[in-house]
Amino acid sequence: MSRNITLSIFRYNPNIPGDTPRMQDYKLEEYSGMTLFVALNEIREKQDPTLMFDFVCRAAICGSCAMLINGRPGLACKTLTKNLPSRFTLMPLPVFKLIGDLSVDTGTWFRNLQVRTESWIHTNKKFDPNALEVRMSNETAEAIYEPERCIECGCCVATCITANIREDFIGATGINRVSRFLIDPRDERTDREYFEVVGNEDGAFGCVGLMACDDYCPMEVPLQKQLALVRRKMAAAGLKLDLKGMKIS
Amino acid sequence: MELAKNLQKTLNQKANPKTDLYVDLAESVTGIILVGFLWMHMLFVGTIYINNGVLFNSLSEGLDKYYLAQIGIPATVLVILIHIFMAGRRAPMRLRDLRIAWRLTKSLKHTDTWIWVGQVITALIIGIMASMHLWEIMTTWPIEATKSAHRVALDGIAFMGGFSIKYYLWFYVALLLAGEYHAGFGLYRIFVKWGWFERHKMGYVLKGITLIILFIGFGALYMFIRLAEMVPLGGALH
């Protein structure tokens, strides 16, 4: 059974001088199995070629199509229109820089996060291409795999009040990222080095615990577990560390 | 490291890199202490159920005799003050932040976020009403069952047509609801942040405890009103 749906979409292109933010309605006939990704493409093809939104993979892997769907963050490609009312709103994710309409720049934000959290394996071991790969227990590998499933769509950041009002807060995705390296035995960073990165208000201790990130993560990454893990580890590290004369540069 | 982006931040970090940790710990620890205090307080009030307030009175005498009141009350006030500063820093205070938080909360329709809005509001209510409550108790010290009973049963000034409200009763109803809401969900929030328990199960357990405490509290108010009818102010309990 098909029904007519109305998409009320946020329109604003900051690059057009004099353009003002507004909501614009688009009517569409829904068919079975229609995702928001399909609906938006149909609108752009048949009704309005100026409509801006992002997508790449259409399979919940790339994280480009995150937006506020009827007020809640989600991936357009993973959302079936039949689960939405006949009239709903689409807004771009907050926090991130608006490119235009539903398109936001998550790249710059995440790039900054990579640098701040030093998201790479820190090791002094020399890489030997001929040696066998170092073994890792199945348990550890699975523990790393969970936070690693994050696709950096930005939903957790957009839905977090703290991230919305404090631009320095690294958000659930950032703390989750650090948790991945904390678990990884190949990363040789000391407690002190980790504490420098997330043992503060911009990191682990900035979280208020509203858990919208945990509830709305499209990949269902166990964010509460990872946030709490980092908080506990950092508290334990901070309480036993002697940080006198610690250099923060 | 980009954390220290400007002079102020660099200086803040250098002052003591562990301050953020201590502040965060202080918020959780004072919160747990205050929830413990409140639940204990309600259990003590609940003793009014037993032998018409004789146990209630002897507990009150015990508070004085063992210096629990003399030390406990200032200590609790101090913990409350620390908690206000530690937890208050989380709340959006600037108009800009308030607008962002409000708009997002309405948009998300997310239960836990709404509950947090309630936490902020009940915090303000408790801040005012607990001060009044403390003042009232301190100026009429010591605590006695008949005194409390007649306070709760006291009628307010009659308005036009003889309509009056028991303002102390409604005061306690409001303070009880705000206090238990804030304590129950506050403790839930602490557990969520530190991740000691599965959060949904934890939520049910804490809601259950909160309902029990509310039941004790409302029941105690009813017992006070009954006691006021039975015993005149200053009358002997038996």
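Values reported hereafter were calculated over all heavy atoms of this structure, with side chains retained and with hydrogens, waters and symmetry mates removed. Per chain, numbering begins at 1; letters A, B, ... match sequence-line order.
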Contact part of B:R90 toward chain A, heavy-atom cut-off under 4.5 Å: side chain, backbone, both or neither? both

Residues in residues 205-218 of chain A near chain B [non-hydrogen atoms, under 4.5 Å]: A:F205, A:G206, A:C207, A:V208, A:G209, A:L210, A:M211, A:A212, A:D214, A:D215, A:Y216

Nearest 0.5 Å, what's the OG1-CD1 distance between B:T105 and A:I161? 3.5 Å

Taking everything shown except B:W170 itself, do over 12 heavy atoms lie less than 6.0 Å from its CH2? no

How long is the straight-line distance from CD of A:E201 back to CG of B:D24, given to the nearest 0.5 Å? 7.0 Å

Does atom CH2 of A:W120 have more than 12 heavy-atom neighbours, drawn from other residues, nucleotides or ligands, at distances under 6.0 Å? yes

Look at A:K225, A:R231, A:R72 and state which one has the largest set of heavy-atom pairs under 4.5 Å with chain B. A:R231

At a 4.5 Å cut-off on heavy atoms, which part of B:Y188 comes close to chain A: side chain, backbone, both, or neither? neither

Heavy-atom distances under 4.5 Å only: say whether B:I100 touches chain A with side chain, backbone, both or neither. side chain

Please indicate whether B:Q70 has more than 12 foreign heavy atoms, meaning atoms of other residues, nucleotides or ligands, lying under 6.0 Å from its CD. yes

Atom group of B:R96 that falls short of 4.5 Å from chain A, counting heavy atoms: side chain

To the nearest 0.5 angstrom, please state how far the CG atom of A:N70 sits from the NZ atom of B:K109. 5.5 Å

Counting only non-hydrogen atoms closer than 4.5 Å, does B:F185 touch chain A with its backbone (N, CA, C, O), its side chain (CB onward), both, or neither? neither

A:Q224 side, atom CD; B:E198 side, atom CD - distance, nearest 0.5 Å: 7.5 Å

Residue A:L229 versus chain B: region with a heavy atom under 4.5 Å: neither

If I compare all heavy atoms of A:G71 with all of B:S107, which pair ends up nearest, and what's the gap? O-OG, 2.7 Å

Does atom CZ of B:F218 have more than 12 heavy-atom neighbours from other groups under 6.0 Å away? yes

To the closest 0.5 Å, what do you measure between CG (B:D20) and CG (A:N200)? 5.5 Å

Check this for me: A:R149, atom CZ, are more than 12 non-hydrogen atoms of other residues, nucleotides or ligands nearer than 6.0 Å? yes

Please rank A:A158, A:A228, A:G203 by heavy-atom pairs under 4.5 Å with chain B and give me the top one. A:A228

Most heavy-atom pairs under 4.5 Å with chain A, out of B:L104, B:L108, B:V192, belong to B:L108

Any chance CZ of B:R89 has more than 12 other-residue heavy atoms, nucleotides or ligands included, within less than 6.0 Å? yes

